[in-house]
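Reminder, nothing fancy here: chain letters follow the sequence lines and each chain counts from 1.
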Number of protein chains: 2
Amino acid sequence: MSDPLPTIREHDLNGTTYTIGELAKEFDITTRAIRFYEDEGLISPVRIGSKRLYRRRDRARLKLILRGKRLGFTLAEIRETFNLYDEAHGEAHQLRYYLSVLEEKRQHLIRQREDLEETLRELDHSYAHCEQLLAQQEQHKVKDHGTAAASRQARPSPAATRMED
Amino acid sequence: MSDPLPTIREHDLNGTTYTIGELAKEFDITTRAIRFYEDEGLISPVRIGSKRLYRRRDRARLKLILRGKRLGFTLAEIRETFNLYDEAHGEAHQLRYYLSVLEEKRQHLIRQREDLEETLRELDHSYAHCEQLLAQQEQHKVKDHGTAAASRQARPSPAATRMED
DNA sequence: TTTACCGTTTACGTCCACGTCAACTATTTT
DNA sequence: AAAATAGTTGACGTGGACGTAAACGGTAAA
């Protein structure tokens with residue numbers, strides 16, 4: 001008689017491990033998504049019987065996948081990054097190629113950062129302008145103390161044309 | 001007899017104008033994309049006969065659309081932003097709502113900026129580590145002066161496990 | 001033992017952001 | 001007049017990233 005199959009929890013594989021459900025909960029994604037990433041070659045969990053068991057490395061990659069997605073990278077791009085990383089520990093010309101890819105990626109990210117800063121600046125302007133409008137309306141309310149209808153049809157403010165630049 | 005229809009270029013509408021092709025070239029997108037943005041309610045060019053004529057405002061919006069896309073926003077989100085902006089110049093409660101949406105957006109962008117900075121940091125580390133590996137290989141080449149085969153099978157470097165965290 | 005949960009695979013559906021014809025018109029150039 | 005160029009409206013196709021449903025297996029608690 002063979003030993004009974006150990007449950008997934010009794011496996012340790014010297015290190016922390018996770019079930020698919022745990023990871024799904026932790027990162028607030030569906031198990032379907034996690035399996036999909038595996039189909040796309042982005043993660044390779046160990047199998048215990050038919051079940052997937054995720055190790056620290058898998059969790060780290062999942063994190064990178066999600067961050068990459070938030071930055072707008074496609075799964076294919078993320079996979080490429082992983083593959084490159086995995087293969088770049090050998091020959092010099094591989095390392096050089098890896099360097100060039102990193103440089104490209106940096107350009108992309110820096111462009112994106114500029115877009116982001118610019119958007120944040122404009123957002124701040126809108127925010128300030130909006131608060132100013134509100135403050136003016138308060139002023140009028142105080143002056144008119146009650147006849148608020150006067151300020152309903154607000155004149156177009158100078159800053160209202162900002163989007164036309 | 002009626003005057004002949006003025007050509008699209010003779011129209012000025014007091015201000016700079018653009019044809020669809022000009023904008024497509026300037027922003028390096030297809031005319032199909034521009035028309036699609038119109039179908040989705042993001043731009044509203046003037047019509048001269050059957051042709052579209054784009055004004056400064058349209059061009060500005062196109063710019064915003066593309067920047068939004070680079071930051072990963074969907075067209076629906078961008079449209080919402082535009083609509084909100086257009087309608088936020090009236091009542092106080094609209095202004096307040098607009099403020100809350102802006103605040104949300106700011107949160108999103110700041111989170112994204114953190115992702116971005118973190119990615120840039122890791123990228124810099126990879127870059128540095130990569131250069132260091134290359135430098136080591138150069139060292140060996142000098143020592144062995146010629147018998148480069150010795151360093152082909154590089155031992156796994158300590159930093160090679162970084163992705164496992 | 002039955003019920004309740006994970007977990008698995010396979011297959012098809014969906015939404016988004018366009019690309020790709022096709023068939024046509026209007027203007028400009030040769 | 002003919003050809004090239006730029007524009008127009010449909011309609012259908014596509015690739016990416018999953019969602020959803022079906023049908024099933026294993027383990028854990030009641």
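In this structure, the nucleotide among dG19(C), dC18(D), dT8(C) sitting nearest to the side chain of A33(A) is dC18(D).
Interface residues of residues 34-45 of chain A facing DNA chain D, ordered by number: F36(A), Y37(A); criterion, heavy-atom separation under 4.0 Å. Against DNA chain C, the stretch residues 66-76 of chain B makes heavy-atom approaches under 4.0 Å through K69(B), T74(B), L75(B).
Recorded end-axis angle for the helix from dT1(C)-dA30(D) to dT30(C)-dA1(D) stands at 0°, based on five pairs per end and rounded to 10 degrees.
A salt bridge does not link D115(A) with K63(B): none of the charged nitrogens is closer than 4.0 Å to a carboxylate oxygen.
Counting heavy atoms from C-beta on, the side chains of T81(A) and F73(A) never come closer than 4.5 Å.
Geometric assessment of R55(B) against the ring of Y18(B) yields a negative cation-pi assignment under the 6.0 Å and 45° thresholds.
A straight line from NZ of K25(A) to C1' of dC5(C) spans 11 Å, rounded to a whole angstrom. Taking atom CZ of R47(B) as the reference point, atom C1' of dT25(C) lies 14 Å away to the nearest angstrom. For the pair R79(A) CZ and dG16(D) C1', the interatomic distance rounds to 11 Å; values are reported in whole Å. With rounding to whole Å, K51(A) atom NZ is found 12 Å from dT9(C) atom P. Between I29(A) atom CD1 and dC18(D) atom P there is a gap of 8 Å when expressed in whole angstrom units.
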Which pairs, protein N/O on one side and nucleotides 20-24 of chain C N/O on the other, fall under 3.5 Å?
| from | atom 1 | to | atom 2 | distance (Å) |
| --- | --- | --- | --- | --- |
| dT20(C) | O4 | R32(B) | NE | 2.9 |

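Within the structure, every pair that satisfies the salt bridge (Lys or Arg N to Asp or Glu O under 4.0 Å) test and touches residues 74-83 of chain B, not counting sequence neighbours, is listed here: E40(B)-R79(B).
Environment of OH in Y97(A): sparse, with no more than 12 heavy atoms of neighbouring residues, nucleotides or ligands closer than 6.0 Å.
Within the 4.0 angstrom heavy-atom criterion, only backbone atoms of the sugar-phosphate kind lie near T30(B); the bases stay farther away.
For E26(A), the side-chain hydrogen bond (donor to acceptor under 3.5 Å, both in side chains) partners are R59(A), not counting sequence neighbours.
Tested against Q107(A), the residues E103(A), R111(A), E104(A) include a single side chain to side chain donor-acceptor pair (under 3.5 Å) partner, E103(A).
Between Y85(B) and Y98(B), the ring-plane angle classifies as perpendicular under the 30° and 60° cut-offs.
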